*Asks:* 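Could you have a look at this structure, given as C-alpha cells, before my questions?
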Amino acid sequence: MSEAPRNEPVLAYVPGSAERALVDAEISQQAQEPLSVPLVIGGERIVTSAQQAFSAPHRHTLQLGQYSLAEPAHVARAIDAALAQKQSWAAWSLAERAAVFRRAGDLVSGPWRARLLAATMLNQSKTVHQAEIDAACELADFFRFNAHFAEQLAEQPLISSAAEHNQFELRPLDGFVYAVTPFNFTAIAGNLPTAPALLGNTVIWKPSPLAALSAHYILAVLEAAGLPPGVINVVHGDPGAISAQVLDHPAFSGLHFTGSSAIFQGLWRAIGERIGQYRSYPRLVGETGGKDFIVAHPSADVTALAVAIVRGGFEYQGQKCSAASRVYLPRSLAAQVQAEVRGMVAEIRVGDPTDAQHFMGAVIGRAAFTRISGYLERARLDPECRIVCGGGFDDTLGYFVEPTLVEVTDPKHALMREEIFGPVVACFVYDDHHFAQVLALCDESTKYALTGAIFARDPAAVELARTRLAMAAGNFYINDKPTGAVVGQQPFGGARLSGTNDKAGSPWNLMRWASPRVVKENLNPPQDFRYPFLAPARATLKS
C-alpha cells in the first residue's frame, strides 16, 4: 500500500503573491470568455439546442456562459454509456484506478489550481480563501485520501488456516450510481461522482445548475488525469425529470447525494416505490440539511466565541451545511459577546469576492436571496426578535445580504429551528444556572444533527455537553467553530434529517460503493464425503 497522503497546504494569496497573480489572470480570462458547458456522455461533448445562461451571483451583468439541457434521449444515452463502460472499468485494478485520482489530485493542486479557484469564485461567489480551501485543498485531498482509504479496505485481512486461503474482493455495485451534487462546495461536487468511480462503478452525474462552470472543470481535470470516457457521464437539466428517469432504470444501484433534506426524502421515497424492479437493493448515501449550533457555557472565552460566531456563521455567506446558525448564550456573557460580534461585523465588507477587500460575496441566486431576505423582513417586524447587527439586503447589482445576528426571546423560534442557509445567526440568552436544560433544548429543538460546538473552559461543562449532545451532531467541536472539516482529520456527516452519516473523507463512505465478494480457496479438498461421526462403532469387550 502507498504512503499515507498529507493534506494539501492552504496558500495565502496575499496581495502581490505569485498565486494571487495567477488567480487574478484566470478570473479576468473566464470573465471575458463565456463558456458553453456541454453534456458529456461516453466522453462525447454534446451541445444541445436548449441551453440555460448563467451569470455571477455578485454581478448580474457578468455572463459566465450557458449550459446545455438534457432531453430524455440524452439521459438514456448516459445510462447506456455508463453500463457499456462498466465491465471495462471494473476490470482495471484498484491500483490503476487509484493512480488516476492521485494524478487528478496533483493536477488540482498544481496546474489546474488557479482555473478551479477562478471558476468557483465567479460561479459560486466565493472569496479566494474560501475557494482555496474548497476547490484546491479539499478537492485534492478527496482524490488522494480516497485512493489511500480504498487500498486500506482492499487489504482487510481474513483468517485463513493452513488448508485454505480466504480473501476479500472489492467489487463495484451491480449497476450504475447516480451522483447529485450541490452548488456550495466544488470539492463535494468532485467527490460524489468520483468516490463510487474509484471502487469500479460507473456514474451518471447531475451537477447543480448553480455550479455548472466548476463542474465542467472538475470533469476536465479527471479526463486529463486519464479517466476513461463513460466512467462519469454529466447531464444538466430538469432535476425532477432526470432523477425520475434515472431512478426508473432496473440497473440503478446507488445514490450519492448532497442537498436539501426534502429533496433527499423525495428521492428515497421514489426509490422505495420502485424497489421491486431493481436488480439489487440500491445504496443510498446522503448529506442533507443542518441547523448547526454553538452552545456557550459561562466559562467560555468571549473573544474566541465571538470569532467562532462570525467565521462559523458568515463565511461563504452562511451557505455551508455546517454553518453556525443558532447560538445559546449565558446571560452573564451575552452583552459582551454581542458587542464583540457587532464590532467584527462592522469591519466586514460585502461585495464582489474577486476584490480581496471583501470578506463575503453574494448568496447564490434569486431563490436564495428571496428566502433569506424574507426571514430578515419577518424578524424586523417580530416583537420576539431584536436585530443585534446587520439585517440589510440589496439585489441591485448582485444578491447581497448583510451578516446578521438576531436575538430571540423564544428558544424555539423559527430562526432557531429552520434552516435558512444564509448569513443569519439567531441567538437565545439563557440564565447561567440553566446550562443543563439548555443542552436538552439544543438537542430537541430541531430534527437535524449535522454539526455543533461547545465553548467552555470548565472541563466538567465540556464533558457534560459532550455526553448530553452525543446524538445532536455528527461532527462536534470543542472551543472551535462548527465548520471547516478536513478530509482525513474530521470526516464529515450527520444523522437524523442531516443525512446517513457515511462520513465523506474516510473509509466509511467508500465502503458504501463496494459490494465485497469473499473468495475461499481450499488447498486440500476432501476425498471422502463421510465425516468422522459416521465411522463404524468400535466393538466393546464383554466382561
Side-chain angles (χ1 to χ4, degrees), residues 1-5 79 81-105 142-179 191-205 222 225-233 249-256 275 278-285 487-488 491 500 502-526:
M1 187 174 64
S2 61
E3 184 180 349
I79 294 171
L83 294 175
Q85 182 59 253
K86 181 174 178 58
Q87 185 174 355
S88 173
W89 179 238
W92 284 41
S93 69
L94 177 58
E96 290 171 324
R97 294 195 301 267
V100 170
F101 295 104
R102 287 194 173 97
R103 287 194 295 270
F142 271 132
F143 291 158
R144 293 166 175 159
F145 277 84
N146 280 349
H148 179 68
F149 293 145
E151 290 170 342
Q152 287 182 317
L153 289 177
E155 294 185 1
Q156 293 300 302
L158 294 175
I159 297 172
S160 296
S161 69
E164 66 186 34
H165 178 243
N166 300 311
Q167 67 180 111
F168 271 123
E169 289 182 353
L170 292 183
R171 303 177 302 176
L173 305 182
D174 192 11
F176 66 87
V177 172
Y178 183 37
N191 182 52
L192 267 56
T194 58
L198 173 63
L199 273 300
N201 297 282
T202 52
V203 181
I204 310 299
W205 177 18
L222 293 169
L227 187 74
V231 174
I232 295 176
N233 303 275
H249 198 284
F252 165 73
S253 63
L255 170 65
H256 207 186
I275 198 65
Y278 296 131
R279 182 181 299 165
S280 58
Y281 293 112
R283 304 284 177 87
L284 308 182
V285 176
V487 174
T500 57
D502 286 292
K503 295 301 183 200
S506 79
W508 292 94
N509 181 277
L510 296 179
M511 290 169 63
R512 301 285 281 150
W513 308 117
S515 180
R517 178 168 72 164
V518 172
V519 177
K520 172 188 174 181
E521 180 183 2
N522 194 333
L523 304 175
N524 185 23

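Nothing here was measured: the structure is a model prediction, and the numbers come from that model.
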*Asks:* Apply the test side-chain contact (heavy atoms from CB on, under 4.5 Å) to residues Asn191 and Asn146: give CA-CA distance (whole Å), side-chain angles for both, the deciding distance (0.1 Å), then the verdict.
*Replies:* CA-CA 9 Å; Asn191 182 52; Asn146 280 349; 2.9 Å; yes
*Asks:* Counting only heavy atoms not in Tyr278, do more than 12 sit closer than 6.0 Å to its OH atom?
*Replies:*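 It does: Tyr278 OH has more than 12 such atoms within range.
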*Asks:* CZ/Arg171 to CZ/Arg517 distance, rounded to the nearest 0.5 angstrom?
*Replies:*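 Between Arg171 CZ and Arg517 CZ, I get 6.0 Å after rounding to 0.5 Å.
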*Asks:* Classify the ring geometry of Phe176 against Phe252: parallel below 30°, tilted from 30° to 60°, perpendicular beyond 60°.
*Replies:*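 Perpendicular: the ring planes of Phe176 and Phe252 meet at over 60°.
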*Asks:* Can you tell if the side chain of Trp89 reaches within under 4.5 Å of the side chain of Pro172, non-hydrogen atoms only?
*Replies:*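 No. Closest side-chain heavy atoms not under 4.5 Å.
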*Asks:* Identify the two heavy atoms, one from Gly254 and one from Pro282, that lie closest to each other, and give their separation to 0.1 Å.
*Replies:*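 Smallest heavy-atom distance, with atoms named: N-CB, 4.2 Å.
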*Asks:* Does any N or O in the side chain of Arg512 come within less than 3.5 Å of the main-chain N or O of Arg283, such that one atom is a donor and the other an acceptor?
*Replies:*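 Not confirmed, Arg512 side chain does not pair with Arg283 backbone.
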*Asks:* Thr194 vs Phe142, test: side-chain contact (heavy atoms from CB on, under 4.5 Å). Steps then yes/no.
*Replies:* CA-CA 9 Å; Thr194 58; Phe142 271 132; 5.9 Å; no
*Asks:* Tell me whether the rings of His256 and Trp513 are parallel (<30°), tilted (30 to 60°) or perpendicular (>60°).
*Replies:*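 The arrangement is tilted - the two ring planes meet at 30° to 60°.
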*Asks:* Using the side chain to side chain contact (heavy atoms under 4.5 Å, CB included) definition, which of the options Val177, Asn233, Ile232, Leu192 pairs with Trp205?
*Replies:*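 Single side chain to side chain contact (heavy atoms under 4.5 Å, CB included) partner of Trp205 among Val177, Asn233, Ile232, Leu192: Ile232.
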*Asks:* Taking all non-hydrogen atoms of both residues, which atom of Lys86 and which atom of Asn201 are closest, and how far apart?
*Replies:*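 That closest heavy-atom pairing would be NZ-OD1, 4.4 Å.
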*Asks:* Once you round to the nearest 0.5 Å, how far does CZ of Phe149 lie from CE of Met511?
*Replies:*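 Answer for the CZ-CE pair, Phe149 versus Met511, is 13.0 Å.
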*Asks:* Out of curiosity, Glu151 CD to Leu170 CG, how far, rounded to the nearest 0.5 Å?
*Replies:*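 One gets 11.0 Å once the value is rounded to the nearest 0.5 Å.
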*Asks:* Less than 4.5 Å apart, any side-chain heavy atom of Leu83 and any of Ile79?
*Replies:*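 Heavy-atom side-chain distance check passes, below 4.5 Å.
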*Asks:* Return the CG to NE2 distance between Leu153 and His148, rounded to the nearest 0.5 Å.
*Replies:*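 Rounded to the nearest 0.5 Å, the CG-NE2 separation comes out at 10.5 Å.
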*Asks:* May I have the step-by-step check of side-chain contact (heavy atoms from CB on, under 4.5 Å) for Leu222 and Phe101, ending in yes or no?
*Replies:* CA-CA 7 Å; Leu222 293 169; Phe101 295 104; 3.9 Å; yes
*Asks:* Is there side-chain contact between Ser161 and Asn166, with at least one heavy-atom pair below 4.5 Å?
*Replies:*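 No; the side chains remain at least 4.5 Å from each other.
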*Asks:* Other residues, nucleotides and ligands only: do more than 12 of their heavy atoms fall within 6.0 Å of CD on Gln87?
*Replies:*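 Not more than 12 within 6.0 Å, no.
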*Asks:* Using every non-hydrogen atom in the two residues, find where Ala225 and Val100 come nearest and quote the distance to one decimal.
*Replies:*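 So the two residues come closest at CB-O, 3.4 Å.
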*Asks:* With rounding to the nearest 0.5 angstrom, report the NZ to CG distance, Lys503 to Asn509.
*Replies:*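 Answer rounded to 0.5 Å: 11.0 Å.
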*Asks:* Any side-chain to backbone donor/acceptor pair from Ser160 onto His165? Under 3.5 Å, distance only.
*Replies:*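 The answer is no, because no donor-acceptor pair under 3.5 Å joins these two groups.
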*Asks:* Give the minimum heavy-atom separation between Leu198 and Ala98, together with the two atoms involved.
*Replies:*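 Looking at all heavy atoms of both residues, the shortest contact is CD1-CA, 3.8 Å.
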*Asks:* Can you tell me if Arg144 uses its side chain to pair, donor with acceptor, with the backbone of Gly105 under 3.5 Å?
*Replies:*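 Pair found, side chain donor or acceptor close to backbone of Gly105.
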*Asks:* Once you round to the nearest 0.5 Å, how far does OH of Tyr178 lie from CD1 of Ile204?
*Replies:*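 Spacing of OH (Tyr178) from CD1 (Ile204) equals 9.0 Å.
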*Asks:* Taking everything shown except Trp92 itself, do over 12 heavy atoms lie less than 6.0 Å from its CH2?
*Replies:*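 Check passes, neighbour count above 12.
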*Asks:* Might you point out which heavy atoms bring Val203 and Pro196 nearest each other, and give the distance in Å?
*Replies:*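 Closest approach of Val203 to Pro196: CG2-CB, 4.4 Å.
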*Asks:* Search all heavy atoms of Leu199 against all heavy atoms of Ala514 and return the closest pair with its distance.
*Replies:*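 That would be CD1-CB, 4.0 Å.
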